[in-house]
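Reviewing the structure listed below.
Naming convention: chains lettered A, B, ... in sequence-line order (proteins, then strands); numbering from 1 in each chain.
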There are 2 protein chains.
Amino acid sequence: MSSNQSVDRALTVLWILNGLQQATVTEIAEELGVHKSTASRLLAVLEQHRLVVRQPGSMAYELGHGVLQLASTVRSQNDLTRSAQLLVEMVAEHFQLTANVAIRDEIFAVNIAQSAPSKRFFTPRQYVGRRTPGHATSSGKVLLAFADRTVQDQVLSAKLETFTEHTITDPVCLAEEFALTKERGWAVSNNEWDADMTAVAVPLLGLSGTVIAAVSVTGFTHDLPPDTFKTRAEELETLVQRHGRLLE
Amino acid sequence: MSSNQSVDRALTVLWILNGLQQATVTEIAEELGVHKSTASRLLAVLEQHRLVVRQPGSMAYELGHGVLQLASTVRSQNDLTRSAQLLVEMVAEHFQLTANVAIRDEIFAVNIAQSAPSKRFFTPRQYVGRRTPGHATSSGKVLLAFADRTVQDQVLSAKLETFTEHTITDPVCLAEEFALTKERGWAVSNNEWDADMTAVAVPLLGLSGTVIAAVSVTGFTHDLPPDTFKTRAEELETLVQRHGRLLE
DNA sequence: CCTTGAGTTGCATATGTTGCAACTTATGCG
DNA sequence: CGCATAAGTTGCAACATATGCAACTCAAGG
């Protein structure tokens, strides 16, 4: 595997700032395990490229506008993303729940669009771009259930991470879950990733008829009791179909 | 000025991909002026950090989901950004024109939120995160007009880049423009940055009463004739005031 | 089947990066 | 307000590391 120490360190800085929100040169140096002068120089280059900034008057660095610029290219490049954004906004409004569109990235699900309902104050935090576990989220289950056999095997043979007491960690149970999902056409994650959070997801088909993404609604478990799963899933499917099949 | 060659090269790769959308190892190597093996290794590290990806079956790299993840941190970090997004959506809907909120970055304006009207097909392209010239855009003029004297002097003493035949490049004229903007409370850019594009902007005040951002509406010049400037600006100001002062 | 082009890997070299120490700039406390 | 202390930056020498080359793999096409 090819590597490049200084580039690797510099990019790690971005992820550190992603986690900590703010960090000083010294903090970053410690986190990386390098001398502070090294950290200082890495940050200087990142700053020249506007990927990190220092708010005037503060010593601490945070992620900069350059990141936003790069991200807007990723978005606009992708017709699916744009279309997905319109869809989630409609879905969020309809259910008054947080809506997501996710695509598969290896054995993970990555949200590419998210919208929170306009009338609620407390909603799940932003997860756009972040990998979420395929075996513990509703979109992940949908994406994996409709993925190639080889991908499924990859998941089933991996160590399934436990997040809550409801997380499915037994490969046999998970395989059944995939089969069920594929048969009925929707999936649910009931406190499996995050205690007290529940989500329902349905597949989104491309022009060729294959599953290219998953659309989900997420809310506190209180708002999504088990007897509503089926209805929600059917409503969601109707909305998705009305929105039309998206570009592949 | 501190530098770090390999990191600088790696970050330049991101900007190359930002411009070209897609590029192969060889193309990037040529663009950077390095051997293709070097480019290959830089890309490998960027790929490990999910900042670039190769679509399965393609040799070409493009920007990856990691960028989106970093960007979502930048956004959620910033209450202003979130609040601004709601504002621009409302404004875009109201005028059926593209709306932006921009903040000042040195002598430039950086859009932090943008929304295109839902009912139009042809709209200006995405500029979120990108620096726009302070002397040739409506938001730039607002931000500079209300900025410190030292910042204004910096602009007025710099070489003012010409973009169209209407761009204001004379420091004296520009100083007058700032004075006018400050007095009447709004600015306009009439084909000054991009031929055939016109925009009107008003300031956005923070809790302390200082100008923290500019809100603008942009459209083809055809849709924004000079006799509508004043009305648009006043309407825009009303909308902004109704939306309330944002967090500083 | 051979050729051509594009990408990746092993290896030797020297270039570029690192840590140190000295210096400068901020911050906190009496 | 000024000193003390912590945090950040820069010059320099040493050596770790990134680089270019060349050889290799892989894929496509004639």
(request) State which residues pass ring pair (Phe, Tyr, Trp, His ring centres under 6.0 Å) with His135(B); sequence neighbours excluded, sorted by chain then number. (result) Phe163(B)
(request) Calculate the interatomic distance between Asp8(A) atom CG and dA16(D) atom C1'; express it in whole Å. (result) 16 Å
(request) Could you walk me through whether Val25(B) and Leu43(B) pass side-chain contact (heavy atoms from CB on, under 4.5 Å), step by step? (result) CA-CA 8 Å; Val25(B) 171; Leu43(B) 283 161; 4.0 Å; yes
(request) For the pair His49(B) (side chain) and Leu51(B) (backbone), establish whether a donor and an acceptor sit closer than 3.5 Å, ignoring hydrogens and angles. (result) no
(message) Test your reading of the model: is there a side-chain donor-acceptor pair from Ser40(B) to the backbone of Lys36(B), 3.5 Å cut-off?
(response) no
(request) Please state how far atom CG in Leu43(B) lies from atom C1' in dA6(C), giving the value in whole angstrom units. (result) 14 Å
(message) Please evaluate residues Trp186(B) and Glu237(B) with respect to the criterion side-chain contact (heavy atoms from CB on, under 4.5 Å), reporting the C-alpha separation (whole Å), side-chain torsions for both, the decisive distance (0.1 Å), and the verdict.
(response) CA-CA 9 Å; Trp186(B) 54 272; Glu237(B) 208 183 327; 5.5 Å; no
(message) Could you tell me how far apart Gln22(A) (CD) and dA7(D) (C1') are, to the nearest whole angstrom?
(response) 16 Å
(message) For the backbone of Arg54(B) and the side chain of Ser58(B), can you confirm whether one donor and one acceptor N or O come within less than 3.5 Å of each other?
(response) no
(message) Walk me through whether Val155(B) and Leu160(B) qualify under side-chain contact (heavy atoms from CB on, under 4.5 Å).
(response) CA-CA 8 Å; Val155(B) 182; Leu160(B) 297 169; 4.1 Å; yes
(request) Treat primed atoms plus P, OP1 and OP2 as sugar-phosphate and everything else as base, then score nucleotides 25-30 of chain D 5' to 3': B for base contact with protein heavy atoms under 4.0 Å, S for sugar-phosphate contact only, - for none. (result) ------
(request) Measure the CZ-CG distance between Arg50(B) and Leu11(A) for me, rounded to the nearest 0.5 Å. (result) 12.5 Å
I'd like a table of atom pairs between the protein and nucleotides 13-16 of chain C - only N or O on both sides, under 3.5 Å - with the distance next to each one.
residue: dG16(C); atom: OP1; partner: Gln5(B); partner atom: NE2; Å: 3.1

(request) Keeping the roles fixed (side chain from Thr181(A), backbone from Val142(A)), state whether a donor-acceptor pair exists under 3.5 Å. (result) no
(request) Could you check which residues of residues 28-38 of chain A get a heavy atom under 4.0 Å from DNA chain C? Sort them by number, please. (result) Val34(A), His35(A), Ser37(A), Thr38(A)
(request) Mind running side-chain contact (heavy atoms from CB on, under 4.5 Å) on Glu62(A) and Thr73(B) for me, showing each step along the way? (result) CA-CA 10 Å; Glu62(A) 55 190 74; Thr73(B) 303; over 6 Å; no
(request) Provide, to the nearest angstrom, the distance between the CG atom belonging to Leu42(A) and the P atom belonging to dA18(D). (result) 11 Å
(request) Enter the distance from Gln114(A):CD to Ser72(B):OG here, rounded to the nearest 0.5 Å. (result) 8.5 Å
Using a cutoff of under 3.5 Å, can you pull out all pairs of nitrogen or oxygen atoms linking the protein to nucleotides 12-14 of chain D, with atom names and distances?
none

(message) Using modelled atom types and a 3.5 Å cut-off, is there a donor and acceptor pairing between side-chain atoms of Thr132(A) and backbone atoms of Ala109(A)?
(response) yes
(request) Please name all residues satisfying salt bridge (Lys or Arg N to Asp or Glu O under 4.0 Å) with Glu106(B), sequence neighbours left out, ordered by chain then number. (result) Arg131(B)
